[in-house]
Number of protein chains: 2
Amino acid sequence: MKVLLIDDDIELVELLTEYLSSHGFSITAYHRGDTGLSHAQTHDYDVILLDVMLPGIDGFEVLKQLRQTKLTPVIMLTAKGEDFDRIFGLELGADDYLAKPFNHRELLARVKAITRRIENIQQLANNSLEENGIRLTPHTREAFAAENKIELTGTEFEILFLLLNNQGEIVSKEAISEQVLGRKLAPFDRSIDMHVSNIRKKIAEHIEQEKIKTVRGAGYILLGSA
Amino acid sequence: MKVLLIDDDIELVELLTEYLSSHGFSITAYHRGDTGLSHAQTHDYDVILLDVMLPGIDGFEVLKQLRQTKLTPVIMLTAKGEDFDRIFGLELGADDYLAKPFNHRELLARVKAITRRIENIQQLANNSLEENGIRLTPHTREAFAAENKIELTGTEFEILFLLLNNQGEIVSKEAISEQVLGRKLAPFDRSIDMHVSNIRKKIAEHIEQEKIKTVRGAGYILLGSA
DNA sequence: AAAGCAATTTACATAACCTTTACATTGCTT
DNA sequence: AAGCAATGTAAAGGTTATGTAAATTGCTTT
């Protein structure tokens with residue numbers, strides 16, 4: 001994870017660099033608005049930490065110009081006692097703010113939250129739910145096993161989707177019947193067994209290890225990655 | 001811009017509806033988590049404002065379930081004094097949060113900030129769309145398949161246009177009926193099937209590969225480049 | 001009113017696919 | 001080991017959605 005830090009407080013920059021580095025981030029720092037901006041415009045970061053009060057051009061202006069070309073998430077940092085216009089920041093496209101002096105742990109939490117959110121959005125933009133070699137994209141109803149496309153029928157897709165959403169947990173046949181087939185499970189209804197059998201067959205063409213485990217008397221489980 | 005508001009505070013809902021309406025948004029409101037969720041899952045909004053404390057199911061659960069199928073940006077609203085786990089909300093895929101009581105201008109700024117960001121992301125995604133051999137010019141209503149002009153009727157053009165704008169995604173017959181034909185899809189209405197059949201025939205004169213795929217029980221999908 | 005189109009409906013063929021049946025197998029209990 | 005219930009699955013059956021030619025309707029133009 002790459003973080004760009006634009007702040008003229010040398011001491012703070014050093015502290016943060018050390019702290020974030022020790023948590024697995026790689027940090028690049030600039031101390032002026034103008035130079036920081038041109039660097040940000042030409043390089044890709046996962047998050048930018050941007051001080052409001054900066055030599056060169058101020059943080060708001062940096063954000064405004066940056067937003068004309070980049071969507072990189074920005075957390076704005078405000079100096080102690082500084083009168084910060086949060087609404088203005090939001091309108092310019094800031095993603096979060098933090099008032100100095102701030103707790104390092106809180107900064108870390110926010111950076112992580114933002115990077116995770118970006119990941120989530122990208123994942124959702126691909127529309128995929130990926131786990132242990134099984135990937136489903138609800139939007140297009142496509143399914144992949146170990147990156148090989150498999151053709152599932154509507155019901156098969158829904159069942160696998162349900163299992164994937166409850167990965168590692170037992171899903172009862174009753175639940176599958178009600179949620180996917182839309183009816184109560186009748187005593188000798190073997191329909192779900194058949195669907196599961198067919199799904200397994202299709203997955204097995206690409207993945208050797210059995211993914212859908214039967215829990216006798218209880219239901220089915222989609223095994224987790226471990 | 002369409003906003004879905006899920007909040008059980010009737011008074012707040014009325015105030016917000018009035019305020020946001022006056023700024024050009026159209027508002028739909030639900031007062032329970034369960035009903036709000038099922039509506040959100042089946043309709044498209046630009047932003048969802050979601051209260052955390054809700055009758056039915058709580059806001060976190062609504063968000064979690066919604067995120068399984070929809071990308072709609074969500075701003076979470078927290079009641080006064082409520083202990084809100086912000087990081088948890090972000091992890092579930094919330095896009096922002098706001099503590100009550102909040103300033104209306106701030107809410108508006110955040111809604112606008114989010115819709116703008118989403119637009120940007122969508123724009124970026126569209127720019128990377130590859131050519132798939134189908135080209136429509138809405139202005140002159142001309143259609144081309146592999147650069148050969150094809151003659152489409154008005155309805156055919158509209159349907160193909162809709163599919164193209166949702167390239168790679170399933171478009172249901174219901175959606176086509178409502179958006180193109182301007183009426184609800186009736187039980188034995190085969191009109192859309194015929195239009196699709198005719199469009200396919202015309203495309204097939206110039207492109208061998210089937211472009212419009214049927215997803216049984218779900219709708220049609222215009223395939224991307226691959 | 002006839003002609004010309006486009007949209008829709010009808011009618012039937014076909015394909016997809018869900019379910020049932022039937023029998024084999026597994027796993028648990030006694 | 002026997003017995004029983006649950007599960008696996010191939011094959012058959014039946015239902016529903018879809019494809020499409022052809023007829024019909026509806027609208028506009030001539």
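Naming convention: chains lettered A, B, ... in sequence-line order (proteins, then strands); numbering from 1 in each chain.
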Q | Rounded distance in Å - NE2 (B:His195) to P (C:dT9) | A | 9 Å
Q: Mind checking B:Thr155 for me? I need base, sugar-phosphate or nothing, with any heavy atom below 4.0 Å counting as a touch.
A: sugar-phosphate
Q: Take the protein atom CG of B:Asn198 and the nucleotide atom P of C:dA7, then report the distance between them rounded to whole Å.
A: 9 Å
(Q) Measuring from the side chain of B:Ser191 (C-beta onward, heavy atoms only), which nucleotide among C:dT19, C:dT8, C:dC18 has the closest atom? (A) C:dT8
Q: Could you state the atom-to-atom distance from CZ of A:Arg141 to C1' of C:dC17 in whole Å?
A: 13 Å
Q: Give the nucleotide from the list C:dA7, D:dA10, C:dT8 with an atom nearest to the side chain of B:Met194.
A: C:dT8
Q: Spell out, as yes or no, whether a donor-acceptor pair under 3.5 Å connects the side chain of B:Ser177 to the backbone of B:Arg183.
A: yes
Q | Short side-chain N/O contact from A:Thr153 to OP1 or OP2 of C:dC17, under 4.0 Å | A | no
**Q.** N or O in side chain of B:Arg183 less than 4.0 angstrom from C:dT8 OP1/OP2
**A.** yes
Q: Measure the distance from CD1 on A:Ile199 to P on D:dG8 and round it to the nearest whole Å.
A: 12 Å
Q | Residues, nucleotides or ligands: over 12 heavy atoms within 6.0 Å of B:Lys2 NZ | A | yes
Q. For B:His39 and B:Tyr30, what are the C-alpha separation, side-chain angles and deciding distance, and is it a side-chain hydrogen bond (donor to acceptor under 3.5 Å, both in side chains)?
A. CA-CA 9 Å; B:His39 183 78; B:Tyr30 279 76; 2.9 Å; yes
Q. B:Lys173 NZ to D:dG19 C1': how many Å, rounded?
A. 10 Å
Q: Using whole Å, report how far NZ of B:Lys201 lies from C1' of D:dA21.
A: 8 Å
Q: Take atom CD of B:Glu18 as the centre, draw a 6.0 Å sphere, and report whether it contains more than 12 heavy atoms from other residues, nucleotides or ligands.
A: no
**Q.** Base paired to C:dT30 (Watson-Crick or G-U; both N/O distances under 3.5 angstrom)
**A.** D:dA1
Q.
Under 4.0 Å from OP1 or OP2 of D:dG8: is there any side-chain N or O of A:Thr214 that close?
A. yes
Q. For the side chain of B:Arg216 and the backbone of A:Gly154, is there at least one donor-acceptor N/O pair under 3.5 Å apart?
A. no
Q) Heavy atoms under 4.0 Å, any strand shown: does B:Asp189 hit a base, just sugar-phosphate, or nothing? A) sugar-phosphate
Q. Between D:dG8, D:dG19, D:dT20, which nucleotide gets closest to the side-chain atoms of B:Tyr220?
A. D:dG19
Q.
Nearest heavy atom decides the nucleotide; on that basis, is B:Arg200 or B:Arg216 closer to the 5' end of DNA chain D?
A. B:Arg216
Q) B:Leu185 CG to C:dT9 P: how many Å, rounded? A) 11 Å
Q.
Heavy atoms from C-beta onward define the side chain here; which of C:dT19, D:dA21, C:dT21 lies closest to that of A:Arg190?
A. C:dT21
Q) How many Å lie between CD on A:Glu156 and P on C:dA16, as a whole number? A) 13 Å
